[in-house]
Amino acid sequence: MPAKIHSSEDAHRLARKRLPWMIFDYIDGAAGAEIGAARNRAAFDQLELRPRILRNVSDRSLSVPLWDKPTKAPFGISPMGMCNLSGPGADMMLARLAARENVPLGVSTVASTAMEPLIEEAEGNAWFQLYFSGDGTGTFKLVERAKAAGYDTIVLTVDVAEVGRRPRELRHGFTMPFKIGPKQFIDFALHPRWSLSSLYAGKPQMANFDMDGYDFDRTESRARADWDTLARLRDIWPGKLVVKGVLDADDAVTLKAAGVDAIQVSSHGARQLDSAPPPILELGRIRDALGPDYPLFYDTGLRSGEDVVKAYAQGANFTFLGRILQFAIAAGGEEGLKELWNVLRAETSITLAQIGKRSLLDDLPVN
């Protein structure tokens, strides 16, 4: 019988049971003592939405414009590395979802499916997420490859100068590619459903690194990226350029002046700096600094439709969901993913009704 998912917490609970400990903690873990992740959740919980009554909200819409095209949902799919660890074929499940909902699929530099089949399966609804790494040689090869594959939006992630220390995954010896020792063997043996299906599908790999002379090292320093790197990327990339991982209003203003098309407020899911401020609180400050019309996106910590509405109320033009989608896949495969997506749509629509609004484009009452 397929799992019933009534909330993102259901997906999280079921994924914890079904995934090997090493895989679950890689997806779920955060930096340091994970205090930052807890503060992100507390910040969302402390935001209030004010109910309003007798507004005739029977006709509600979740569609929002993105690059002047309507979406069917007010949230897209964040770039996530090695999604096929959550279940064989997860990347393609997410791509099909992006096509149905006309929302962007973030294709990670370290995706477990190559960028070309993903944009095809997503019917063009895909953005390529770019990490600067090493001296940048391989990075700019990926830019040219994305251009040739038909991507029109690149998302430069700037909050990983060095890969954050995530003790939960380190304790399990998580590396890419996998190194299987006695501890990992026992872990996999105790989770036979995942292990057998993954063995049948083939070991997940970082699929965008079949280029001659470029092997990606997940732990390689990315600290050499600077404003000149951004300027070079802006010069060679003809499409939309989004910069992801911004938490400072002054940085946001500088990015706008540098010709960036949109900014994504994010703390990388609290996976980088344990003491970073909650992004949902910085979102409003960055909106104030940029003015009302500049495209501003948001990810980090979204767990429900009410969270999505709160992000829009703080100034977001679009939001992105991350690891909860992987948990849904681990819990119930593609049906689990559809189930959670529909739950989040319903939660968002019901929240709008409760606060007397018909659309996320309206002024939203938040305390």
Side-chain angles (χ1 to χ4, degrees), residues 7-9 36-51 60-67 71-80 101 103-104 106 127 155 159 242-249 252 262-271 276-325 340-341 343-367:
S7 68
S8 67
E9 181 52 39
R39 288 191 295 113
N40 288 349
R41 184 65 258 161
F44 265 108
D45 291 342
Q46 289 169 8
L47 289 174
E48 298 176 348
L49 293 167
R50 183 175 297 278
R60 301 186 301 281
S61 173
L62 296 182
S63 177
V64 295
L66 186 59
W67 303 145
T71 64
K72 293 181 181 178
F75 32 74
I77 302 162
S78 287
M80 295 175 283
E101 295 290 302
V103 298
W127 298 357
V155 181
D159 59 356
V242 180
V243 173
K244 177 181 184 297
V246 181
L247 289 175
D248 182 87
I263 288 168
Q264 191 155 324
V265 177
S266 170
S267 69
H268 214 92
R271 290 165 71 81
I280 191 62
L281 301 184
E282 298 305 311
L283 177 59
R285 299 183 182 107
I286 292 173
R287 168 53 74 201
D288 289 343
L290 294 175
D293 300 324
Y294 185 81
L296 188 59
F297 307 148
Y298 180 85
D299 72 72
T300 296
L302 297 169
R303 298 290 178 267
S304 69
E306 288 194 22
D307 289 348
V308 170
V309 174
K310 288 175 181 179
Y312 275 84
Q314 293 292 330
N317 297 115
F318 199 72
T319 60
F320 289 85
L321 307 174
R323 65 187 82 180
I324 60 173
L325 303 180
L340 179 60
W341 191 269
V343 165
L344 294 164
R345 286 181 59 94
E347 289 175 343
T348 305
S349 181
I350 290 168
T351 301
L352 285 175
Q354 296 289 352
I355 62 175
K357 299 295 181 179
R358 298 181 181 182
S359 168
L360 289 158
L361 303 179
D362 296 339
D363 290 332
L364 303 175
V366 66
N367 293 335

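This is a predicted model, so every value here is computed, not measured. Quick note: residue numbers are just sequence positions, from 1.
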Would you say the side chain of [Y] lies within less than 4.5 Å of the side chain of [X], judging by non-hydrogen atoms?
X    : Y    : result
I355 : R50  : no
L66  : V103 : no
L352 : L62  : yes
I77  : P104 : no
Y298 : T300 : yes
L49  : L364 : no
I263 : V242 : no
P279 : L247 : yes

Q: Let me see the working for R287 and N317 under side-chain hydrogen bond (donor to acceptor under 3.5 Å, both in side chains), right down to the final yes or no.
A: CA-CA 10 Å; R287 168 53 74 201; N317 297 115; 2.7 Å; yes
**Q.** Residue list, side chain to side chain contact (heavy atoms under 4.5 Å, CB included) with S78, at least two apart or on another chain
**A.**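 Per chain and number, S78 pairs via side chain to side chain contact (heavy atoms under 4.5 Å, CB included) with D299, F320.
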Q | Those residues that, when tested against S61, pass side chain to side chain contact (heavy atoms under 4.5 Å, CB included) (two or more places apart) | A |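 Testing S61 for side chain to side chain contact (heavy atoms under 4.5 Å, CB included), a comparison that skips the adjacent residues, returns S63.
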Closest approach of [X] and [Y], non-hydrogen atoms and distance?
X    : Y    : result
I280 : A43  : CG2-CB, 3.7 Å
E282 : P277 : OE2-CB, 3.7 Å
L344 : S304 : CD2-CA, 3.8 Å
D362 : R358 : OD2-N, 3.3 Å
V308 : P74  : CG1-CG, 4.3 Å
A311 : T319 : CB-CG2, 3.8 Å

Between [X] and [Y], is there a donor-acceptor pair closer than 3.5 Å when you use the side chain of the first and the backbone of the second?
X    : Y    : value
R285 : L281 : yes
R323 : G269 : yes
S349 : R345 : no

To the nearest 0.5 Å, how far apart are [atom1] in [X] and [atom2] in [Y]?
X    : Y    : atom1 : atom2 : result
L340 : E9   : CG    : CD    : 11.5 Å
D288 : Q314 : CG    : CD    : 9.5 Å
R271 : D159 : CZ    : CG    : 11.5 Å
K310 : E48  : NZ    : CD    : 8.0 Å
H268 : K244 : NE2   : NZ    : 5.5 Å

Q. Thinking salt bridges, do R39 and D45 make one under a 4.0 Å N-O criterion?
A.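 No, no charged N to carboxylate O under 4.0 Å.
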Q) Can you tell which of W341, Y312, F297 makes a ring pair (Phe, Tyr, Trp, His ring centres under 6.0 Å) with F75? A)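 So, applying the ring pair (Phe, Tyr, Trp, His ring centres under 6.0 Å) to F75 and each of W341, Y312, F297, only W341 qualifies.
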Q: Determine, step by step, whether R303 and R41 satisfy the side chain to side chain contact (heavy atoms under 4.5 Å, CB included) criterion, reporting the C-alpha distance in whole Å, the side-chain angles of both residues, the deciding distance to 0.1 Å, and the verdict.
A: CA-CA 9 Å; R303 298 290 178 267; R41 184 65 258 161; 3.4 Å; yes
Q. What about the rings of W127 and F318, do their centers lie closer together than 6.0 Å?
A.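 So the answer is no for these two rings.
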